[in-house]
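Worksheet: the structure to be examined is printed underneath.
Residue numbers count from 1 along this sequence.
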Amino acid sequence: MPAIPLRRDYDASSLRTLACQSKDVRQSRRLLALAAVYDGLSRSEAARPGTSVQ
């Protein structure tokens with residue numbers, strides 16, 4: 001199954017900002033995982049709990 005491409009109108013920084021503003025913990029975790037993908041981690045690495053790129 002081919003990977004779904006990332007949107008070009010977002011970047012890691014904007015996703016982290018949205019994650020900080022979210023009141024839903026699960027949504028924040030998903031946004032932070034996507035930010036890690038934008039930073040270059042594989043999707044499987046980004047999906048692991050506690051993964052962060054700085």
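- Screening residues 24-33 for side chain to side chain donor-acceptor pair (under 3.5 Å) gives S22-Q27 as the qualifying pairs, with residues at least two apart or on separate chains.
- Applying the side-chain hydrogen bond (donor to acceptor under 3.5 Å, both in side chains) test to S14 and every residue at least two apart in sequence or in another chain returns D11.
- Here the closest non-hydrogen pair linking Y10 and Y38 is O-CE2, 3.4 Å.
- Annotation: side chain of R16 is in contact with side chain of L32 (closest heavy-atom distance under 4.5 Å).
- Every residue meeting the salt bridge (Lys or Arg N to Asp or Glu O under 4.0 Å) condition with R7, not counting sequence neighbours, appears here in chain and number order: D9.
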Quiz item: Please walk me through it: do L31 and Q21 pass side chain to side chain contact (heavy atoms under 4.5 Å, CB included)?
Solution: CA-CA 11 Å; L31 289 167; Q21 294 171 350; over 6 Å; no

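- Grouping Ile, Leu, Val, Met, Phe, Trp and Tyr by side-chain contacts under 4.5 Å, direct or through others, leaves V25 on its own.
- Just one residue in the list L34, D39, V37 forms a side chain to side chain contact (heavy atoms under 4.5 Å, CB included) with L15, and that residue is L34.
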